[in-house]
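This report concerns only the one structure given below.
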There are 2 protein chains.
Amino acid sequence: MTDLQRRPFVSARMVAERAGVSRSAVSRTFTDGASVSEATRRKVLAAAGALGYHVNHLARGLRENSNIVCLVVADLTTPIRAGLVDELTRKLQAASKITMVINTESDDESVATALRQTLNYRADATIVLSGTPPASLIETCLANGQQVILINRADHLQGSQNLGVDNAMGAREAFFLLQRAGCRRLAVVTSTARTASLLQREDVFVEAARKAGLDVAVTRAGPTTYASGLEAGRRLFGRSDGPDGVFCVTDLLALGFMDAARQEFGLRIPDDVCVVGFDDIEQGGWESYRLTTFAQPLAAMADHAVDLLAEPHAWGSERKLFEPLPVWRRSVRANSR
Amino acid sequence: MTDLQRRPFVSARMVAERAGVSRSAVSRTFTDGASVSEATRRKVLAAAGALGYHVNHLARGLRENSNIVCLVVADLTTPIRAGLVDELTRKLQAASKITMVINTESDDESVATALRQTLNYRADATIVLSGTPPASLIETCLANGQQVILINRADHLQGSQNLGVDNAMGAREAFFLLQRAGCRRLAVVTSTARTASLLQREDVFVEAARKAGLDVAVTRAGPTTYASGLEAGRRLFGRSDGPDGVFCVTDLLALGFMDAARQEFGLRIPDDVCVVGFDDIEQGGWESYRLTTFAQPLAAMADHAVDLLAEPHAWGSERKLFEPLPVWRRSVRANSR
DNA sequence: TTGAAAGCGATACCAT
DNA sequence: ATGGTATCGCTTTCAA
């Protein structure tokens with residue numbers, strides 16, 4: 001064995017030696033409110049600067065909180081996911097937490113593995129944005145003193161803290177929008193990913209339509225992507241009587257759907273078909289689309305999640321729901337024709 | 001002081017007590033290739049399972065490598081950034097590293113702060129995707145035994161390992177593409193962010209055109225966004241003789257530009273204007289755009305970065321350049337008219 | 001194979 | 001204000 005493996009990180013002891021003080025003095029210099037004389041303080045700072053010393057937060061985390069928060073997420077490239085991760089990392093940073101991102105598949109086994117990792121790194125909290133962790137594992141995290149925050153996940157998990165957008169409200173509003181626009185042949189475009197959020201958006205919309213005496217054609221062409229929306233459009237307009245009002249449970253699906261309707265079937269939006277999305281991703285605002293949709297208030301949701309971290313564990317707390325905000329653009333007629 | 005602050009994480013000692021063995025035995029059970037009898041092993045595993053024990057990687061990292069890799073990034077919502085972060089987190093995960101993401105502003109001061117954080121957490125390596133860290137700080141990281149990997153950053157930094165896409169090659173090819181399409185009134189659409197990559201794409205294109213005896217109008221309407229591309233389009237076509245061949249140094253700019261040309265000036269692409277982008281973000285492939293562009297081979301770049309981590313520090317290594325891959329779609333005419 | 005003990009880097013408590 | 005010491009949880013010698 002050679003010395004190659006030696007870790008050259010400079011430690012407090014090295015700084016102490018160079019400054020001619022004790023290790024304790026060094027530690028105190030870097031601790032707020034500790035009592036150090038200006039003289040030693042200066043000596044320590046000089047030595048630290050010269051050596052390139054940085055306090056080892058890993059060692060510090062041995063005694064107290066690690067200040068690490070884990071983000072478990074899948075499909076990071078999806079605009080809505082990227083947006084949420086962006087908000088969260090920013091705000092955690094501002095709250096002087098450090099963020100570990102675990103990019104996992106969304107199947108439950110991968111999520112379970114991810115959760116175990118957060119335990120390994122003694123994360124103070126875990127924020128799950130994708131997949132549905134098994135209750136037993138959440139149990140374990142909780143037992144280890146971790147906070148578990150679920151965003152836009154199924155709401156039946158015990159002990160975890162939950163928050164998300166109000167899918168039911170959004171879906172209901174989406175129906176009213178189309179109804180007011182005078183649409184009679186309704187359709188829902190959704191994905192084969194049967195997550196709680198997506199299913200709820202679908203179900204509530206269909207139910208609202210049923211109550212109004214309208215039938216809804218439900219299409220799921222694949223995963224929650226642009227391509228699936230495109231394919232759904234092909235299928236729906238390939239038949240004899242295409243829909244004249246469509247709720248796409250995700251903006252990404254909506255944009256694909258709009259492209260199919262316009263490019264491949266020469267339909268005009270909103271004249272021939274009205275389209276409503278959900279999420280409010282940046283691309284929906286682009287001139288080629290101008291999609292009417294419901295926004296997830298990502299900033300507010302991230303704020304709330306970070307606030308949760310500061311609070312003492314709010315046991316048995318209800319799921320906090322955020323109102324989706326309607327974003328009026330041009331994919332729905334303003335009034336019935 | 002109450003006991004509320006007590007960290008309830010279960011430790012190896014607790015497991016040892018419950019299993020009736022020594023702490024060493026517990027440690028060995030969770031260490032590959034350590035010698036433990038099947039009997040004690042089983043006992044330990046049982047106790048660990050019952051208690052919900054997970055090895056503390058923070059404490060482990062005190063002696064050896066932390067296995068932590070820091071990603072310093074800005075503008076996480078940008079598709080190209082999200083794509084790169086996605087690839088990297090995935091591949092780091094596969095290499096059994098844990099990823100810390102520092103979402104920073106791209107100004108140098110913020111990046112410096114981020115770099116210091118990576119030192120605090122004893123990251124084995126730091127991968128910088130945004131901004132330009134000061135050389136002195138890279139020095140410090142290196143001195144502390146960290147690897148510093150810069151992706152698509154300026155290439156003059158000593159000691160760091162560099163990789164990126166070959167901007168010059170892409171820009172040159174972009175010019176040839178437009179030249180072959182018979183474009184004579186050329187323009188470059190770029191942003192006010194004067195990063196090395198963007199400047200190089202601009203400069204090389206302009207230079208290639210100049211050599212061919214063609215002049216280039218350079219427009220920078222704002223940051224590297226869709227909105228800036230849109231605005232650039234308005235400016236360029238607001239004058240008497242708009243361009244007939246445009247190189248947008250980023251796909252995002254290109255998509256905005258295309259929308260301005262088509263929606264606001266009724267121009268046809270590629271008949272009236274040819275447009276070439278750079279990056280190959282997913283949206284460029286959408287039916288509304290079908291943008292011809294040059295792809296950054298993100299997967300290959302991420303692979304390389306992760307490989308670098310495994311190798312002994314390749315000192316003085318050259319900057320590794322990846323060829324941008326032409327993606328032929330429909331925003332450039334196939335042949336000169 | 002197993003347990004005891006040293007050490008990793010930092011902080012908090014105790015004397016001084 | 002300062003230095004010594006115990007402690008956090010783990011891995012790794014070293015003996016037995």
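In what follows, chains carry the letters A, B, and so on, assigned in the order in which the sequence lines appear, proteins first and then strands, with residues in each chain numbered from 1.
- Across all strands, B/Phe30 comes closer than 4.0 Å to no nucleic acid atom at all (heavy-atom distances).
- Within the 4.5 Å cutoff, no side-chain heavy atoms of A/Leu88 are placed close to those of A/Thr99.
- A/Arg28 contributes a side-chain N or O that forms a donor-acceptor pair with the base of D/dG3 under 3.5 Å.
- Atom pair A/Phe9:CZ and C/dC8:P shows a separation of 16 Å (rounding to whole Å applied).
- Listed candidates were D/dG9, C/dG3, C/dG9. Nearest to the side chain of A/Ser11 is C/dG9.
- Using a 4.0 Å heavy-atom distance criterion, B/Val36 is classed as a sugar-phosphate-only contact.
- Tested against B/Val69, the residues B/Ile98, B/Leu92, B/Val101 include a single side chain to side chain contact (heavy atoms under 4.5 Å, CB included) partner, B/Leu92.
- In this entry the distance linking CG of A/Asn56 with P of D/dT7 reads 21 Å, nearest Å.
- Between B/Tyr121 and C/dA10 there is no side-chain polar atom (N or O) within less than 4.0 angstrom of OP1 or OP2.
- Atom P of nucleotide D/dT12 and atom CG of B/Asp32 are separated by 11 Å, given to the nearest angstrom.
- Across D/dG3, C/dT1, C/dC8, the shortest atom-to-atom separation from the side chain of B/Arg63 is found for C/dC8.
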- Step by step, would you call B/Asn103 with A/Asp86 a side chain to side chain contact (heavy atoms under 4.5 Å, CB included)? CA-CA 7 Å; B/Asn103 189 350; A/Asp86 181 56; 2.7 Å; yes
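- As rounded to whole Å, 12 Å separates atom P of C/dT2 from atom CZ of B/Arg41.
- Counting non-hydrogen atoms of neighbouring residues, nucleotides and ligands closer than 6.0 angstrom, the CZ atom of B/Arg23 reaches no more than 12 such neighbours.
- Protein atom CZ of B/Arg23 is 15 Å distant from nucleotide atom P of C/dG7, rounded to whole Å.
- Contact check, A/Ser22 against D/dT2: no side-chain N or O comes under 4.0 Å of OP1 or OP2.
- Atom P of nucleotide C/dC8 and atom CD of B/Glu64 are separated by 14 Å, given to the nearest angstrom.
- Within 3.5 Å, a donor on the side chain of B/Ser24 pairs with an acceptor on the base of C/dA4, or the reverse.
- With distances taken from any side-chain atom of B/Leu62 to the nucleotides C/dG3, D/dG9, C/dT11, the minimum falls on D/dG9.
- Heavy-atom distances to DNA chain C give each of B/Ala25 and A/Ser27 a nearest nucleotide, and the one nearer the 5′ end belongs to B/Ala25.
- Using cut-offs of 30° and 60° on the angle between ring planes, the pair B/His304 and B/Phe322 is perpendicular.
- Protein atom CG of B/Leu51 is 13 Å distant from nucleotide atom P of D/dG9, rounded to whole Å.
- B/Asn67 has its CG atom 20 Å from the P atom of C/dC8, to the nearest Å.
- With distances taken from any side-chain atom of B/Arg122 to the nucleotides C/dA10, D/dT12, D/dT2, the minimum falls on C/dA10.
- B/Ser37 comes within 4.0 angstrom of sugar-phosphate atoms only, judged by non-hydrogen atoms across all strands, and of no base.
- For the pair A/Asn152/A/Gln296, a side-chain contact is recorded, criterion being any heavy-atom separation below 4.5 Å from C-beta on.
- Comparing B/Glu38 and A/His54 against DNA chain C, the residue whose closest nucleotide sits nearer the 5' end is B/Glu38.
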